[in-house]
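Taking it in order: structure first as structure tokens, then the write-up.
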Amino acid sequence: MTDKQPQKITVSATGELNVPEVPIIPFIEGDGTGRDIWPATRLVLDRAVEKTSQGRRRIEWLELLVGEKGFHQTGQWLSDEALQTINDHVVAIKGPMTTPVGTGIRSLNVAIRQKLDLYACVRPVRYIDPVPSPMKNPEKINMVIFRENTEDLYAGIEWQAGSADATKVIDFLNGQMGTALSSDTGIGIKPISEANSKRLVASAIAYAIEQGCPSVTLMHKGNIMKFTEGAFSRWGYEVARERFGDRTITEADLFSQYGGKAPAGKVVIKDRIADMLFQQVLLRPDEFSVIATPNLNGDYISDALAAQVGGLGMAPGANIGDRCAVFEATHGTAPKYAGLDKVNPSSLILSGAMMLDHMGWKEAAGKVRTALQATIRAGIVTYDLARQIHGAREVKCSAFAQAIAERC
């Protein structure tokens, strides 16, 4: 084990990470089943880092009291100190967070994304053989969703039906803008800006170029919402031309100038209406690699694609900005299973692998993924997979993690 002192990860003037051999990484255990899946994830990540570096590297974990644990111990669900710590340490990871429906505290997930300007929600969706899937050919599914994280309906600009504020907005819209809204209408505002749309699409294109992906698809409902989602699509094409003109071609040019065959080194930029894309990722999933989309569409398509490869329990995710990144479990807290050492920790483990990739520790990230797959192939799985895989042996969450760690 290395005896080097823990240090913060820093960001260079050009945006590159400087990662010491013993980085300090903040973590949020999470609510509900976070108490089960976080220790499992930590075990696997620590083992993969140790094995692939021959003990030269390790992670110094720093707990942040956020969510239910934070509220019970400090009286705050999400403190400014916790946000500043994430910002100062550049990279963090978190378990699932409680999000009350309808009333109560604002979504902690959304608050973290917006307050730290983590504008790209990145969700890779790839089939891990032999996870049960409802698809005939799940191996064709290999996509990465880039979901805009800071605006759209998730901006939270809304007023309850019958409230004084809703009445003011309705009176303005009816009196000044020619609408005919009834007095019992709830109002929500859908902001989509050029700057935020372009930086999201630019990050998706940059990723596609770096990873050698063949295309970036702009997902939108611009045929109906012409000045928000339609604008998102238009701005996406503009930023492709402005910033990546020598590395991208439009789908229209692909067929009009190149006979449908992309030149080497070119990423094809195309767009699809949202409802059409939901159909096409089912029928022709191998035609899509990177999908860039506004916030709400991205929420829908991420979960729908995860269902095709085994569910949210197998789906990793990250929230990435220009300075820092927070990696997260993509599923909910499942409080009825909390403390039972039962649930599948794969989502958070795979998000940890994404974090290691982000840090440049790619060998360790690869080890995590191959060890997880080898464990499932050996028939050692948690209850959710055991009931679907014939002959599998059901084990507890902690035992599943131990089996993965032994294969790292």
Side-chain angles (χ1 to χ4, degrees), residues 120-148 197 200-201 203-225 229-230 232-234 236-237 240 244 247-317 330 350 369 373 388:
C121 182
V122 182
R123 298 273 184 92
V125 184
R126 186 173 187 175
Y127 178 63
I128 299 176
D129 183 47
V131 174
S133 166
M135 305 297 291
K136 290 182 179 179
N137 300 110
E139 70 281 355
K140 293 183 179 180
I141 300 166
N142 184 9
M143 304 177 211
V144 181
I145 310 302
F146 275 72
R147 167 191 172 192
E148 205 289 321
S197 296
L200 182 280
V201 175
S203 66
I205 296 173
Y207 175 90
I209 292 172
E210 179 184 343
Q211 299 296 322
C213 301
S215 68
V216 173
T217 302
L218 306 171
M219 177 187 185
H220 63 94
K221 190 63 177 171
N223 57 328
I224 303 300
M225 292 171 276
E229 300 210 6
F232 175 88
S233 176
R234 184 177 73 255
Y237 280 112
F244 306 96
R247 300 296 303 275
T248 63
I249 58 171
T250 66
E251 186 175 41
D253 287 345
L254 175 69
F255 288 98
S256 66
Q257 300 180 24
Y258 299 98
K261 185 176 181 180
K266 297 281 189 178
V267 175
V268 178
I269 309 299
K270 52 189 177 181
D271 71 282
R272 294 290 184 273
I273 301 298
D275 46 328
M276 180 192 301
L277 186 60
F278 274 105
Q279 176 181 241
Q280 291 184 349
V281 296
L282 285 168
L283 300 177
R284 303 197 297 274
D286 48 344
E287 293 184 8
F288 302 95
S289 52
V290 177
I291 297 173
T293 174
N295 207 331
L296 185 61
N297 291 338
D299 196 2
Y300 293 152
I301 194 79
S302 297
D303 285 12
L305 285 173
Q308 296 183 43
V309 297
L312 287 175
M314 302 300 301
T330 60
L350 291 169
R369 296 186 181 100
Q373 183 175 41
Q388 302 179 72

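These figures come from a predicted structure and were not determined experimentally.
Taking both residues in full, the closest heavy atoms of Val125 and Ala306 are given as CG1-N, 4.1 Å, listed atom of the first, atom of the second, then distance. Annotation for Ser302 and Ile145: closest pair OG-CG2, 3.8 Å, computed over non-hydrogen atoms. Closest heavy-atom contact between Val216 and Ala208: CG2-CB, 3.7 Å. Summarising the geometry of Val309 relative to Val131, their closest heavy-atom pair is O-CG1, 3.6 Å, with the distance given to 0.1 Å. Residues Ile269 and Ala240 share a closest heavy-atom pair of CG1-CB, 3.9 Å. Heavy-atom minimum distance, Pro138 versus Gln308: CB-O, 4.2 Å.
A heavy-atom distance below 4.5 Å is found between the side chains of Ile128 and Leu350. Counting heavy atoms from C-beta on, the side chains of Arg272 and Phe288 come closer than 4.5 Å. Annotation: side chain of Phe244 is in contact with side chain of Ile209 (closest heavy-atom distance under 4.5 Å). Proximity of Val267 to Arg247: side-chain heavy atoms (C-beta onward) are nowhere separated by under 4.5 Å. Counting only heavy atoms from C-beta outward, the side chains of Met219 and Phe146 never approach each other to under 4.5 Å. Counting only heavy atoms from C-beta outward, the side chains of Arg147 and Asn295 approach each other to under 4.5 Å.
From Phe255, atom CZ reaches atom OG1 of Thr250 across 10.5 Å, with rounding to the nearest 0.5 Å. Summarising the geometry, atom CG belonging to Leu305 is positioned 15.0 Å from atom OH belonging to Tyr300; distances are rounded to the nearest 0.5 Å. Separation of atoms CD1 (Ile301) and CD1 (Ile291) is listed at 5.5 Å; rounding is to 0.5 Å. Between the OG1 atom of Thr248 and the NZ atom of Lys270 there is a distance of 14.0 Å, given to the nearest 0.5 Å. Note that the CE atom of Met143 and the OH atom of Tyr127 stand 15.0 Å from one another [nearest 0.5 Å]. We find the CG-NZ distance between Leu282 and Lys136 to be 12.0 Å, quoted to the nearest 0.5 Å.
Other residues, nucleotides and ligands place more than 12 heavy atoms under 6.0 Å from the NZ atom of Lys266.
Residues that satisfy the side-chain contact (heavy atoms from CB on, under 4.5 Å) test with Pro134, not counting sequence neighbours, are absent from this structure. Taking the side-chain contact (heavy atoms from CB on, under 4.5 Å) definition, one finds that Asp271 meets it with Leu218, His220, Ser233, Tyr237, sequence neighbours left out.
Listed by first then second residue, pairs satisfying side chain to side chain donor-acceptor pair (under 3.5 Å) with a partner in residues 204-219 read Ser215-Ser289, not counting sequence neighbours.
Both tests do not hold together for Lys221 against Phe232: distance to the six-membered ring centre under 6.0 Å, angle to the ring axis within 45°.
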Handout entry: From CA spacing to verdict: side-chain contact (heavy atoms from CB on, under 4.5 Å), Glu229, Asn297
Key = CA-CA 10 Å; Glu229 300 210 6; Asn297 291 338; 2.8 Å; yes
